[in-house]
Amino acid sequence: MVGSQSICLPLVLVVNPSPTSNPDQFLIKGLPDVVHVARLNSPSIKSAIYSYDSAVFSNKYSWRTAIGFNISVSPFVPQWQGVTENYYDPTNKTSSYKYSYKTFNSGISASLNILDLPSIFSAKASDSSRLSQASVTNSSALQTLTSAASSFIELWLYKQLLSISEANIKYSIQALNATVGQYQVGLLAIPDVAQVLTQLRSYQANYSSSVNSYNTSFANFCSQVGVSPDRIYIPDQLPTVVGANTPFPLNISDTKNQALLLNDTIREYLQTSDQYANLSKSALSNYLPLITGNASNSGYNQYYTVDQTEFGRRTSSDESNNLLKYRTWQATLNVTWLLFDTLANKSLADSYKGKKDSYRQLALQQYQNVVSTADQYYSSYLSSMNTTKLNQSALEAARKSYQETLIASQAGFSNTTALVQVLQQVASAQQSVAQSLASLYTSNSNLQSLTKSGVYENALPILVNYSENPIKDLQANF
């Protein structure tokens, strides 16, 4: 019989580990938790930090090489030497001397680049390279954090769609019970019951699809933050996305100004431009004198003994350990001046200058991109806010219409088609609200990321002095 049919949710599994006492498990309640976990665990962020550390040590090497201050020491290394001198007399008898030497050599030397402009400008280029790598590292980290936040908002959306599917199934069961009641008293026919039952099965299928989407999104989120799924726990009740559910505080003008001032890609291009400017100067300075200095002190201490043998027998032995000392000091000043090289270094300098100008143009292009992106994000934020309000009003109206139609259906004053239609309106309105909220949260998160505010404030791995304004001269181009 129709009235005895068993209505239940599909047997599906939602991936969401239960909270445990494991200290390595992360509880994710909102974007602050997402940023924290991703900052600690993301392999891409760790890789970017290691790249910056490499740039720091490379920068130190460049400066230390440019100074060129080196000290070398030759320790007291002993050397032994034996010498035998034989003398022959007319009677073919032999007289000999055996000398035994023990020598200790030692020395110390120092060198210094007094004027090495090519190396100095190369070291300055290394400074710019280090700052550029800091910008690259922060830009990469911010992109990873923003992607993780977007993935979490998507996960939140699928969790809402799961709840909506459950609510739709609940509403459909209520409608089915009302339709079956009308059928049992002869007011409706089997096709009317089948129509509502078909809608119910459709919502159950949507529930299964939402579970699959949620599980896929959960796996993607875990990958974004760099943590295995068994270490992530997300509460079942998650009505909003903490960190993106409060109004964005800046107006469009302040948003643009702050985004331009803090944009790491603009800084990266300008710092790379400075790097090539210094490399150009380094190449040109090869035509200037190179002055280096050297100083050294070296010598040895020598101890020796003598054995004398005359005519086959030992006649004397001197084991008095005689000492011979020798030390010398030396200081030199070297000047090297390249007078002509077929202008090879001039050509290299011009090549670097071309790259410098190229990166400056990229900075100008990124300046325009940031302004455009700020306009897009802010427009999307305002649009999503208005759309969310409209959808919430539509949902309230749809729910009210459903209750009224359900009551009318139970009393026999409404047909099945009307009941199914209001069910569809409620389901559609719920999905629209969830999707518009997800869009609102995403645009809010993007604006925070663009301006390094909210959950992204102080979240980047490399400390950069953002108070310096690198775009003053760029603004003159607009």
Relative to each other, are the rings of [X] and [Y] parallel, tilted or perpendicular (30° and 60° limits)?
X: Y402; Y: Y171; result: tilted
X: Y381; Y: F248; result: perpendicular
X: Y359; Y: Y276; result: parallel

Can you confirm whether [X] sits close enough to [Y] that some side-chain heavy atom of one is under 4.5 Å from a side-chain heavy atom of the other?
X: Q160; Y: Q430; answer: no
X: Y52; Y: R130; answer: yes
X: L145; Y: I45; answer: yes
X: L40; Y: H36; answer: yes
X: I462; Y: N138; answer: yes
X: Q25; Y: I232; answer: no
X: D236; Y: K159; answer: yes
X: Y214; Y: E154; answer: no

If I take atom [atom1] from residue [X] and atom [atom2] from residue [Y], how far apart are they, to the nearest 0.5 angstrom?
X: F218; Y: I28; atom1: CZ; atom2: CD1; answer: 9.0 Å
X: L157; Y: L437; atom1: CG; atom2: CG; answer: 9.5 Å
X: S163; Y: Q237; atom1: OG; atom2: CD; answer: 7.0 Å
X: Q204; Y: N168; atom1: CD; atom2: CG; answer: 11.5 Å
X: Y207; Y: S209; atom1: OH; atom2: OG; answer: 12.0 Å
X: Y377; Y: S372; atom1: OH; atom2: OG; answer: 10.0 Å

TODO: Verify the distance criterion only: is there a donor paired with an acceptor across the side chains of Y456 and S445 at less than 3.5 Å?
DONE: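 Side chains of Y456 and S445: pair found under 3.5 Å.
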
- [ ] Report the C-alpha separation of V370 and Q366 in whole Å, then their side-chain angles, then the decisive distance to 0.1 Å, and conclude whether the side-chain contact (heavy atoms from CB on, under 4.5 Å) test is met.
- [x] CA-CA 6 Å; V370 171; Q366 181 63 18; 3.7 Å; yes

- [ ] Applying side chain to side chain donor-acceptor pair (under 3.5 Å), run through T272 and S132 and close with a yes or a no.
- [x] CA-CA 6 Å; T272 304; S132 176; 3.0 Å; yes

Open item on the list: For L463, I'd like to know if atom CG has over 12 heavy atoms of other residues, nucleotides or ligands within 6.0 Å.
Closed with: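 No.
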
- [ ] Using a cut-off of 6.0 Å, state whether more than 12 heavy atoms not belonging to K452 lie near its atom NZ.
- [x]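 Atom NZ in K452 is crowded, with more than 12 foreign heavy atoms closer than 6.0 Å.
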
Show me the donor-acceptor pairs, under 3.5 Å and distance only, between side chains in residues 341-350 and residues at least two apart or in other chains.
{"from": "D341", "atom 1": "OD1", "to": "Y287", "atom 2": "OH", "distance (Å)": "2.8"}
{"from": "D341", "atom 1": "OD1", "to": "L343", "atom 2": "N", "distance (Å)": "3.0"}
{"from": "D341", "atom 1": "OD1", "to": "A344", "atom 2": "N", "distance (Å)": "3.4"}
{"from": "D341", "atom 1": "OD2", "to": "Y287", "atom 2": "OH", "distance (Å)": "3.4"}
{"from": "D341", "atom 1": "OD2", "to": "N345", "atom 2": "N", "distance (Å)": "3.2"}
{"from": "D341", "atom 1": "OD2", "to": "N345", "atom 2": "ND2", "distance (Å)": "2.6"}
{"from": "N345", "atom 1": "OD1", "to": "N286", "atom 2": "ND2", "distance (Å)": "2.9"}
{"from": "K346", "atom 1": "NZ", "to": "D350", "atom 2": "OD1", "distance (Å)": "3.3"}
{"from": "K346", "atom 1": "NZ", "to": "D350", "atom 2": "OD2", "distance (Å)": "2.9"}
{"from": "S347", "atom 1": "OG", "to": "L343", "atom 2": "O", "distance (Å)": "3.2"}

Counting only N and O atoms by type, is there a donor-acceptor contact under 3.5 Å from the side chain of [X] to the main-chain atoms of [Y]?
X: S428; Y: Q424; value: no
X: S273; Y: Y269; value: no
X: S282; Y: N278; value: no
X: S139; Y: S135; value: no

- [ ] List the steps, then state whether salt bridge (charged side-chain N to carboxylate O under 4.0 Å, His left out) holds for D375 with K256.
- [x] CA-CA 8 Å; D375 285 330; K256 289 180 182 180; 2.9 Å; yes

- [ ] Assess whether side chain to side chain donor-acceptor pair (under 3.5 Å) is satisfied between D274 and S128, documenting all intermediate values.
- [x] CA-CA 6 Å; D274 289 341; S128 299; 4.9 Å; no

Task: From CA spacing to verdict: side-chain contact (heavy atoms from CB on, under 4.5 Å), I234, F152 - done: CA-CA 10 Å; I234 299 174; F152 179 76; 4.2 Å; yes

Open item on the list: Set out, in order, the CA-CA distance, both residues' side-chain angles and the distance that settles side-chain contact (heavy atoms from CB on, under 4.5 Å) for N251 and D254, then state yes or no.
Closed with: CA-CA 5 Å; N251 58 37; D254 291 339; 3.3 Å; yes

Task: Derivation of the side-chain contact (heavy atoms from CB on, under 4.5 Å) call for D127 and W63 - done: CA-CA 9 Å; D127 283 342; W63 273 110; 3.0 Å; yes

